[in-house]
Amino acid sequence: MQSIDTYDFSGKRAIIRVDFNVPLDADFRVTDDTRIRAAIPTIKKVLAGGGSVILMSHLGRPKKNNDEKFSLRHIIPAVEARLGQQIDFADDCMGAQAAEKSAALKPGQVLLLENLRFYAEEEGKPRGLADDATDEQKAEAKKAVKASQKEFVKKLASYADCYINDAFGTAHRAHASTALIADYFPADKMFGYVMEGELKAIDKVMESPERPLVAIIGGSKVSSKIVIIEKLMERVDTLIIGGGMTYTFMAAQGGKIGDSICEPDQFDVALSILAKAKEKGIKMVFAQDALCGKEFSNDTPTQVCPSDAIPDGWEGMDVGPKAMEAFRAAILESKTILWNGPVGVFEMPTFEKGSRAVAQAIVDATAQGAYSLIGGGDSVACINKFGMADRVSYVSTGGGALLEYMEGIPLPGVNAIQK
Ligand code: 3PG
Ligand code: MG
């Protein structure tokens with residue numbers, strides 16, 4: 001494994017797997033360029049070292065080739081704006097153009113390849129199987145795509161002299177461009193700065209946090225956060241639970257939650273989390289009160305209720321003022337802070353106040369010297385919406401990858417470089 005800091009890029013073509021899976025609006029304009037901005041230092045490092053760059057990424061989950069909706073062509077202006085120079089584009093990552101253009105790259109030049117997932121070989125999963133395909137047909141199709149995947153990887157690798165994986169957001173996928181390609185560059189593979197930064201930030205929180213360590217876990221479902229909550233309970237001093245999950249915990253303890261979101265099949269899980277917290281001496285902070293709405297809309301009538309005494313016909317959509325105060329106090333007394341998941345329906349201005357209060361408390365704690373890591377798609381969108389991203393210690397570009405890494409699951413994209 002090489003280091004991007006010491007590798008000699010002069011005269012070399014570096015193929016960089018970036019995660020440019022960014023949100024686009026109806027006119028195909030990039031609405032959040034966090035992931036593009038994050039990749040710029042790596043690209044610039046190669047160019048400054050006298051190398052050229054081939055960028056490869058997926059965008060969305062296309063199911064067929066050349067689906068215009070998922071073309072990476074749409075993001076060219078956003079990349080050029082952040083990079084400060086023009087880039088070239090190859091409209092098929094397997095086409096003659098891709099090979100010719102990468103061979104002709106001169107030091108300082110950048111080429112972007114079209115969406116890797118236009119090919120089933122990127123993920124290595126068969127496509128277009130009939131709904132009633134037999135197990136035999138499925139196995140056959142899988143074998144075929146695994147075979148053609150070898151050619152796909154080989155071709156991508158042939159474009160370059162060295163390989164950089166900087167796609168932290170996709171590091172939990174064992175795909176052609178994130179894992180398999182590394183084998184072609186045994187002595188010329190390395191992490192980019194996004195990867196390095198992400199791994200360092202997570203290790204700082206999970207392995208050697210300055211205490212107290214608080215985690216704020218939001219989101220609507222206990223079921224999707226249970227593994228990370230259990231993992232965090234081995235480490236945190238304080239656990240703040242926010243978002244729709246709150247009502248499952250309240251209902252599990254016999255509370256009245258009106259029409260709030262609830263997973264009755266998770267009651268046992270919720271109760272065992274509470275018991276474990278007690279046993280381990282972890283301070284659990286729940287929202288005592290909730291801002292409730294009559295309907296799931298921004299303009300609905302609202303009232304503040306205790307989170308365990310919500311009348312029928314009302315649902316909790318944000319935390320209330322008492323909760324905001326309690327969350328703030330717990331955050332301000334911590335030295336390391338992890339935030340994953342908004343604590344209310346922050347997309348609606350009426351119900352964004354709780355998440356805004358959490359973000360503000362994290363910003364204030366950071367200003368006092370705490371280390372803060374924000375991760376997971378929604379909380380990142382949230383901190384960006386509030387314009388506070390530059391006042392926390394680290395904003396992760398990973399969603400699923402971040403959670404899996406924190407859960408202790410080995411990431412194929414990381415292992416492929418390290419092995
Ligand atoms: C993401 O945004 O989650 C990553 O880019 C990975 O995409 P995927 O979940 O479609 O594999
Ligand atoms: Mg994902």
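This one's a predicted model, so the numbers in the text were calculated from it and none came from an experiment. Just so you know, ligand 1 is whichever comes first in the structure, and atom 1 is the first atom listed for that ligand.
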Asks: Could you list all the side-chain hydrogen bond (donor to acceptor under 3.5 Å, both in side chains) pairs where at least one residue sits in residues 234-245, not counting sequence neighbours?
Replies: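 Qualifying pairs, neighbours excluded: Arg211-Asp237.
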
Asks: With sequence neighbours excluded, what pairs up with Arg73 under the side chain to side chain contact (heavy atoms under 4.5 Å, CB included) test?
Replies: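 Ser71, Ile76, Phe89, Asp91.
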
Asks: Which pairs pass salt bridge (charged side-chain N to carboxylate O under 4.0 Å, His left out) with one or both residues in residues 119-129, sequence neighbours excluded?
Replies: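 Checked against salt bridge (charged side-chain N to carboxylate O under 4.0 Å, His left out) - neighbours excluded - the pairs reaching residues 119-129 are Arg17-Glu122, Glu123-Lys125, Glu123-Arg127.
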
Asks: Charged N to carboxylate O under 4.0 angstrom, Lys294 versus Asp259?
Replies: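 Asp259 and Lys294: not salt-bridged.
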
Asks: Considering only heavy atoms, which protein residues lie less than 4.0 Å from any atom of ligand 1?
Replies: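 For ligand 1, the contacting residues are Asp19, Asn21, Arg35, His58, Arg61, Arg117, Gly169, Thr170, Arg173.
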
Asks: What is the minimum heavy-atom distance between Ser102 and Ile54, and which atoms define it?
Replies: CB-CD1, 3.6 Å

Asks: With the side chain counted from C-beta on, respond yes when Leu111 and Val53 share a heavy-atom pair under 4.5 Å apart, and no when they do not.
Replies: no

